[in-house]
Amino acid sequence: MHADPMTARARQMLLSRRSALRAARADVRPGAGGGGDGCPPVRGARLPPHELEEVEAALERIAQGCFGCCEGCGGAIGRQRLLAVPEARCCLTCADTRARDASG
């Protein structure tokens with residue numbers, strides 16, 4: 001199976017991000033991070049909690065051939081959204097709906 005150029009570009013971005021996240025997490029020491037324990041902040045200490053998992057899930061969607069399909073409505077996720085946020089699971093419409101539902 002041959003990936004289209006946009007998917008190949010997104011895959012490279014995701015692989016690079018995964019490497020950076022893994023390296024940042026390896027630098028985090030338990031108890032470090034400037035949380036009032038006297039230790040200075042450590043690189044990676046403030047990473048979003050599920051970012052690596054989202055990147056891994058996006059790489060799996062590429063491998064399965066379902067990258068770019070919205071998990072909410074089943075439609076296509078816009079190419080510009082995927083290039084900006086390659087780990088996106090939903091189109092903008094569904095992402096906005098989820099955000100409104102979560103906040104209210």
Side-chain angles (χ1 to χ4, degrees):
M1 179 174 101
H2 186 267
D4 69 271
M6 195 280 306
T7 301
R9 182 174 173 195
R11 182 177 180 277
Q12 283 305 117
M13 291 167 59
L14 288 162
L15 290 170
S16 176
R17 185 69 185 142
R18 180 176 68 180
S19 294
L21 287 167
R22 285 179 175 172
R25 291 219 173 151
D27 287 346
V28 175
R29 293 185 313 267
D37 57 5
C39 295
V42 176
R43 190 178 88 198
R46 296 179 190 247
L47 290 174
H50 300 290
E51 190 170 356
L52 182 57
E53 292 84 1
E54 290 298 320
V55 168
E56 294 284 359
L59 288 167
E60 184 61 28
R61 288 191 298 277
I62 290 172
Q64 293 175 354
C66 58
F67 180 75
C69 296
C70 177
E71 291 181 358
C73 66
I77 300 173
R79 295 174 70 79
Q80 292 301 316
R81 176 164 169 75
L82 288 172
L83 288 173
V85 186
E87 65 273 19
R89 293 176 178 264
C90 299
C91 67
L92 282 175
T93 301
C94 290
D96 287 344
T97 299
R98 286 183 179 187
R100 279 194 307 271
D101 291 347
S103 68

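Just so you know, these numbers come straight off a predicted model, no measurement behind them.
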Side-chain contact test, heavy atoms from C-beta onward, threshold under 4.5 Å: evaluate it for L82 versus F67 and give yes or no.
yes
Heavy-atom closest contact (R81 atom, C90 atom, distance):
NE-O, 2.8 Å
Looking only at non-hydrogen atoms, find the nearest pair between A58 and L14 and report the distance.
CB-CD1, 3.7 Å
Check C91 against C70 and note the closest heavy-atom contact, atom names and distance.
N-SG, 3.3 Å
Rounded to the nearest 0.5 Å, how far does CE of M13 lie from CG of L83?
6.0 Å
Test side-chain contact (heavy atoms from CB on, under 4.5 Å) on V85 and E87 and set out the steps.
CA-CA 5 Å; V85 186; E87 65 273 19; 3.9 Å; yes
Return all side-chain donor-acceptor pairs below 3.5 angstrom for residues 94-102, not counting sequence neighbours, or 'none' if the list is empty.
residue: T97; atom: OG1; partner: T93; partner atom: O; Å: 3.0
residue: T97; atom: OG1; partner: R100; partner atom: NH2; Å: 3.4

R89: what forms a side-chain contact (heavy atoms from CB on, under 4.5 Å) with it, not counting sequence neighbours?
E54, A57, R61, E71
Which residues satisfy the salt bridge (charged side-chain N to carboxylate O under 4.0 Å, His left out) test with E56, sequence neighbours excluded?
R18, R22
By salt bridge (charged side-chain N to carboxylate O under 4.0 Å, His left out), which residues pair with R9, not counting sequence neighbours?
none
Is it true that a side-chain atom of R11 and a backbone atom of A63 form a donor plus acceptor pair closer than 3.5 Å?
no
In this structure, would V55 and L15 fall into the same cluster of hydrophobic residues linked by side-chain contacts under 4.5 Å?
yes
